[in-house]
Amino acid sequence: MNLSILIPLLNEEESLNELYNWIIKVMQSHNYSYEIIFLDDGSTDNSWTIIEGFANENPHVKGVRFMKNFGKSQALHAGFAKAKGDVIITMDADLQDSPEEIPGLYDMITNGKYDLVSGWKKKRYDSVVAKNLPSKLFNWAARKTSGVELNDFNCGLKAYKNVVVKNIEVSGEMHRYIPVLAKNAGFGKIGEKVVQHQARKYGETKFGMERFINGFLDLITIWFLSRFGKRPMHLFGAMGSLMFIIGFMLAGYIGISKLYHMYNDMRYTLVTNNPWFYIALTTMVLGTQLFLAGFLGEIILRTKNNEERYKVSSEVNFL
């Protein structure tokens, strides 16, 4: 199968028919073998009924419905697990991503030998203050932190080799950083393609300004996990050991200094009256706690089980 097209959505009943017909037109004009997987993230409108109608008339259309809204990352995780195409395309359901871009993305994966290609909405039709400027700042920070040179991490229109989506773990709100996750998994050939951005035709955006705040927090998380996620002892153990050694040496100096003064009949103060004693004690306690945090982190990594992060209520056209 050439293509798996994954479409996560939440309450997009108005745009689904137009999007479906547009995708089918592109698939037929290029003679692709394909599957379209709609990932309903707990819609409360008629989105699922419309998807069931598509599936009844077209065996290439499949659907997964969550019991409630679990988030875009969880929807993509479910779609990646189901996808069978050689190339996986992800796109939003609000018609702001154009299906006409699919052949170009597919060609870059198959002929350009890219592992992943991300869309770049160079010309946007969103609010400059509410979306464009925060997005530029967010993308700049993501580039500097991750080392992945993309101009638009937030673009939902992306293409992947099948092997990429089967070897990355998308959780929490990490869908923005799938290119970073792919890089950390060893897939180094990551490209970018300028794609057409269209003004939203129906409804309202499901994301507000909080997504940028959450995005920056997720960026810090993924930076930490990429460096210390597999070996927390390397960070916490090293910091804890260093702090304990500093505190121990400081306490030793205080004790030796008192003994020296006593031996030479010099004036001295009680150790408990020396503020540096409490600094040394606090440093040793904190160092011990950090070391234990790293140790417990190592134990958790070795004993944890993968928990189910979402509940599926319905599926259509999956064998």
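Only heavy atoms go into these numbers, but all of them, side chains included; no hydrogens, no water, no symmetry mates.
Side chain of Asn151 to main chain of Trp120: no donor-acceptor pair is present (N/O by atom type, distance under 3.5 Å, no hydrogens or angles). In this structure, Lys166 contributes its side chain and Ala83 its backbone to a donor-acceptor pair below 3.5 Å. For the pair Asn264 (side chain) and Met266 (backbone), a donor-acceptor distance under 3.5 Å is absent. Proximity of a side-chain donor or acceptor of Asn11 to a complementary backbone N or O of Ser43 within less than 3.5 Å is not detected. Here the side chain of Asp107 pairs no donor or acceptor atom with the backbone of Pro103 at under 3.5 angstrom.
A 4.5 Å side-chain heavy-atom check between Asp41 and Pro8 finds every atom pair outside the cut-off. Side chains of Ser118 and Ile190 form no contact here, defined as non-hydrogen atoms less than 4.5 Å apart. Side-chain contact between Phe38 and Leu16: present, with at least one pair of heavy atoms (C-beta onward) separated by less than 4.5 Å. With contacts defined as side-chain heavy-atom distances shorter than 4.5 Å, the pair Asp97/Val195 does not qualify. Side-chain contact between Glu12 and Asp94 is present, with heavy atoms from C-beta onward closer than 4.5 Å. At least one side-chain heavy atom of Val148 sits under 4.5 Å from a side-chain heavy atom of Phe153. In this structure, Ile5 and Met27 have side chains that are in contact, with non-hydrogen atoms separated by less than 4.5 Å. A 4.5 Å side-chain heavy-atom check between Tyr106 and Asn111 finds every atom pair outside the cut-off.
Scanning for ring-ring contact (aromatic ring centres under 6.0 Å, His included) contacts around His30 gives Tyr32, with sequence neighbours left out. Qualifying salt bridge (Lys or Arg N to Asp or Glu O under 4.0 Å) partners for Glu101, counting only residues two or more places apart in sequence or in other chains: Lys193. Evaluation of the ring-ring contact (aromatic ring centres under 6.0 Å, His included) rule for Phe80 yields Tyr160 as partners, not counting sequence neighbours. Residues that satisfy the side-chain hydrogen bond (donor to acceptor under 3.5 Å, both in side chains) test with Trp22, not counting sequence neighbours, are Glu100.
Atom CZ of Phe277 has more than 12 neighbouring heavy atoms from other residues, nucleotides or ligands inside a 6.0 Å radius. Atom CE of Met1 is surrounded by more than 12 heavy atoms from other residues, nucleotides or ligands within 6.0 Å. Remark: Lys84 NZ is loosely packed, at most 12 non-hydrogen atoms of other residues, nucleotides or ligands lying under 6.0 Å away.
Between the CG atom of Asn46 and the CD atom of Glu13 there is a distance of 5.0 Å, given to the nearest 0.5 Å. A distance of 13.5 Å separates CD of Glu169 from CG of Asn184, quoted to the nearest 0.5 Å. Atom CG in Leu157 sits 8.0 Å away from atom OG in Ser98 (nearest 0.5 Å). Taking CG from Leu39 and CG from Leu10, the interatomic distance works out to 12.5 Å, rounded to the nearest 0.5 Å. Considering CG of Asn154 and OH of Tyr177, their distance stands at 7.5 Å, rounded to 0.5 Å. For the atom pair His175 NE2 and His77 NE2, the distance stands at 14.5 Å (nearest 0.5 Å).
A salt bridge does not link Lys189 to Asp115: none of the charged nitrogens lies less than 4.0 Å from a carboxylate oxygen.
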Requested in this report: Apply side chain to side chain contact (heavy atoms under 4.5 Å, CB included) to the pair Phe187 and Val163, showing each step before the final yes or no.
Outcome: CA-CA 10 Å; Phe187 299 100; Val163 67; 3.9 Å; yes
Requested in this report: Test side chain to side chain contact (heavy atoms under 4.5 Å, CB included) on Asn2 and Val87 and set out the steps.
Outcome: CA-CA 6 Å; Asn2 298 134; Val87 176; over 6 Å; no
Query raised in the report: Yes or no on side chain to side chain contact (heavy atoms under 4.5 Å, CB included) for Met91 and Ile7, after CA distance, side-chain angles and deciding distance?
Result: CA-CA 5 Å; Met91 62 188 304; Ile7 306 173; 4.0 Å; yes
Requested in this report: Could you check Thr110 against Asp86 for side chain to side chain contact (heavy atoms under 4.5 Å, CB included), going step by step and ending with a plain yes or no?
Outcome: CA-CA 9 Å; Thr110 54; Asp86 297 328; over 6 Å; no
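Considering Arg176, Glu192, Lys121 as possible partners of Cys155, the one that fulfils the side chain to side chain contact (heavy atoms under 4.5 Å, CB included) test is Lys121. Lys158 pairs with exactly one of Leu6, Asp152, Thr90 by the side chain to side chain contact (heavy atoms under 4.5 Å, CB included) rule, that one being Thr90. Checked options Lys62, Lys82, Arg65; the residue passing with Glu315 is Lys82 (criterion: salt bridge (Lys or Arg N to Asp or Glu O under 4.0 Å)).
Here the closest non-hydrogen pair linking Val61 and Ile51 is CG1-O, 4.5 Å. Closest approach of Met67 and Ser313 over heavy atoms only: CG-CB, 3.5 Å. Smallest separation of non-hydrogen atoms from Leu19 and Ala93: CD2-CA, 3.7 Å. The nearest pair of heavy atoms linking Ala159 to Leu105 is CB-CB, 3.8 Å. Between Ala55 and Asn317, the closest heavy-atom pair is O-ND2, 3.2 Å.
Side-chain contact of Ser4 with Glu35: a donor-acceptor pair under 3.5 Å is present, judged by distance alone.
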Return all side-chain donor-acceptor pairs below 3.5 angstrom for residues 237-261, not counting sequence neighbours, or 'none' if the list is empty.
from	atom 1	to	atom 2	distance (Å)
Ser241	OG	Gly237	O	2.8
His261	ND1	Ser257	O	2.7

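By the rule that hydrophobic residues join a cluster once side-chain heavy atoms approach within less than 4.5 Å of another member, Val312 and Phe318 end up as members of one cluster.
Within the structure, side-chain hydrogen bond (donor to acceptor under 3.5 Å, both in side chains) contacts touching residues 48-58 (residues at least two apart or in different chains) are Tyr20-Glu57, Tyr20-Asn58, Tyr34-Asn58, Trp48-Glu52.
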